Amino acid sequence: MLAVKDDPVSVWLAIPSIRPPAEAKDCLDRWRAQGYKVAVLRQGEPIEADLLIPTGEYLGWGRSTNILAKEVLRRDEFAHWIVGGGDDYWSDPGRDANAIATDCCRHFADLDSFAHCSWGVMQPTGDRWGDNESSRAAFGENRGAEIDRIAGSPWMGREWCERAYLGNGPMPDFYHHLYIDEELQEVATLLGVFWQRRDLTQYHNHPCRQEGYGVYQTGHLAPLYDPAAWNREKEIFETRKAKGFPGSEPLPR
């Protein structure tokens, strides 16, 4: 097992990364400053991380996160919470990792004990991106904040990572990049273990915030948001939802 010095509980950020090294380092440094360990499935030039797995291609968000989560749990017996996202999400600068982990354990614990206190998914929703005029102008509707509808940077407990999706990992891997966060939120909600926290902010430093929504068509994100790919993954989501999200059942305790 990987030793965790002076800390009986560890919290890991586990993300795929492709941003330029300086930008990725800035992201990871923000998490480290708040007490997180970092695991990265890295496409491109290597960067410093507690766990670094190189990859020649983007394997998809769900699959990447599942690979990292399994390796983190295998190496670190004290890893109680794994945070998903990407190298464009920042940690809440006002709360350290252990304090949030303690909150999560108290929230998800059985009523009379702390048993199974990592069976759950928590999503900070303090970043209100999308609930503004520019978003309404781009999409022609009041969609509200993006993070209210998706688990885009979720805290996933150890038990969730081990038991969710029939033990295959904390996230659905039926998609490549899109709709994973939406299914995750819906499945955790159906299981009664989804918690949104408006008092916590994990800022999404998305290129659209600086470059506008046109980056979906012209920027480096274009292949991921190609209309054909978007429609294909949307169809997968809608079909799975209509069937009750098959394969999302947890392993029995």
Side-chain angles (χ1 to χ4, degrees), residues 1-93 95-102 104-105 118 120-124 151-165 167-173 176-177 180-181 184 202-205:
M1 291 291 185
L2 181 69
V4 181
K5 297 181 180 179
D6 304 320
D7 189 359
V9 174
S10 56
V11 182
W12 286 75
L13 174 72
I15 60 170
S17 172
I18 192 174
R19 282 199 172 200
E23 295 179 17
K25 180 180 183 301
D26 175 68
C27 169
L28 299 187
D29 285 349
R30 293 171 186 270
W31 292 91
R32 288 194 187 95
Q34 300 304 121
Y36 299 80
K37 299 182 181 298
V38 294
V40 179
L41 195 71
R42 176 66 178 171
Q43 187 178 358
E45 184 178 342
I47 55 177
E48 183 180 354
D50 297 284
L51 170 63
L52 182 68
I53 300 177
T55 179
E57 61 178 329
Y58 180 44
L59 303 179
W61 187 44
R63 184 181 173 195
S64 297
T65 304
N66 289 347
I67 290 171
L68 290 168
K70 289 178 181 179
E71 190 63 18
V72 165
L73 298 184
R74 184 184 72 82
R75 291 171 177 242
D76 183 359
E77 63 181 314
F78 302 113
H80 279 41
W81 293 91
I82 292 177
V83 185
D87 55 11
D88 58 354
Y89 273 100
W90 297 349
S91 62
D92 187 310
R95 296 290 302 280
D96 67 77
N98 273 353
I100 300 173
T102 298
C104 288
C105 192
S118 64
V121 178
M122 187 276 287
Q123 175 60 58
S153 56
W155 282 62
M156 301 169 290
R158 184 183 190 100
E159 190 176 352
W160 177 270
C161 294
E162 293 175 335
R163 294 180 54 220
Y165 286 93
N168 290 317
M171 288 191 176
D173 60 4
H176 183 61
H177 183 76
I180 295 165
D181 44 18
L184 178 61
Q202 291 178 171
Y203 181 81
H204 193 184
N205 187 35

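Everything numeric in this text was worked out from a predicted model, so none of it was measured. What's counted below: heavy atoms across the whole structure, side chains too, no hydrogens, waters or symmetry copies.
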Check the pair Asp26, Trp90 against side-chain contact (heavy atoms from CB on, under 4.5 Å), reporting the backbone distance first and the verdict last.
-> CA-CA 9 Å; Asp26 175 68; Trp90 297 349; 4.2 Å; yes
List the steps and the verdict of side-chain contact (heavy atoms from CB on, under 4.5 Å) for Asn168 and Asn66.
-> CA-CA 8 Å; Asn168 290 317; Asn66 289 347; 5.6 Å; no
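Taking both residues in full, the closest heavy atoms of Val9 and Ala101 are given as CG1-CB, 4.5 Å, listed atom of the first, atom of the second, then distance. The two residues Ser153 and Val83 come nearest to each other via the heavy atoms O-CG1, 4.0 Å. In terms of heavy-atom proximity, Pro16 sits nearest to Leu68 at N-CD1, 4.4 Å. For the residue pair Met156 and Gly84, the shortest heavy atom distance occurs at CE-N, 3.9 Å. Closest approach of Pro170 and Trp160 over heavy atoms only: O-NE1, 2.9 Å. Residues Gly85 and Ile15 come closest through the heavy atom pair C-CG2, 3.5 Å.
Not a single donor-acceptor pair under 3.5 Å links the side chain of Glu48 to the backbone N or O of Lys25. A donor-acceptor pair under 3.5 Å is absent between the side-chain atoms of His204 and the main chain of Gln202, judged by distance alone. Listed for the Glu45 side chain is no donor-acceptor partner under 3.5 Å among the backbone atoms of Pro20. Side-chain atoms of Asp87 come within 3.5 Å of backbone N or O of Arg19 as a donor-acceptor pair. Checking side-chain atoms of Arg158 against main-chain N and O of Ala79 turns up a donor-acceptor pair under 3.5 Å.
Between Val38 and Arg32 the shortest side-chain heavy-atom distance falls below 4.5 Å. Pro154 is listed as a side-chain neighbour of Met171, based on a closest heavy-atom distance under 4.5 Å. Inter-residue side-chain proximity for Ile100 and Gln34 is flagged as unmet; no heavy-atom pair is nearer than 4.5 Å. A heavy-atom distance below 4.5 Å is found between the side chains of Tyr203 and Asn205. Contact of the Cys161 side chain with the Leu73 side chain is registered, since non-hydrogen atoms from C-beta on lie closer than 4.5 Å.
The side-chain hydrogen bond (donor to acceptor under 3.5 Å, both in side chains) search around Asp173 returns none, not counting sequence neighbours. Residues passing the side-chain hydrogen bond (donor to acceptor under 3.5 Å, both in side chains) test with Trp61: none are found, sequence neighbours excluded. Residues passing the side-chain hydrogen bond (donor to acceptor under 3.5 Å, both in side chains) test with Arg63, sequence neighbours excluded: none.
Interatomic distance, Trp12 CH2 to Trp31 CH2, rounded to the nearest 0.5 Å: 14.5 Å. Atom CD in Glu23 sits 11.5 Å away from atom CD1 in Ile18 (nearest 0.5 Å). Rounding to the nearest 0.5 Å places CH2 of Trp81 at 7.5 Å from CE of Met122. Rounding to the nearest 0.5 Å places CG of Leu28 at 4.5 Å from CD1 of Ile47. Between the CD atom in Gln123 and the CG atom in Leu184 there is a gap of 8.5 Å [rounded to 0.5 Å]. In this structure, CG in Leu13 is found 8.5 Å from OG in Ser91, a value given to the nearest 0.5 Å.
Between Tyr89 and Trp155, the ring center distance fails the sub-6.0 Å criterion.
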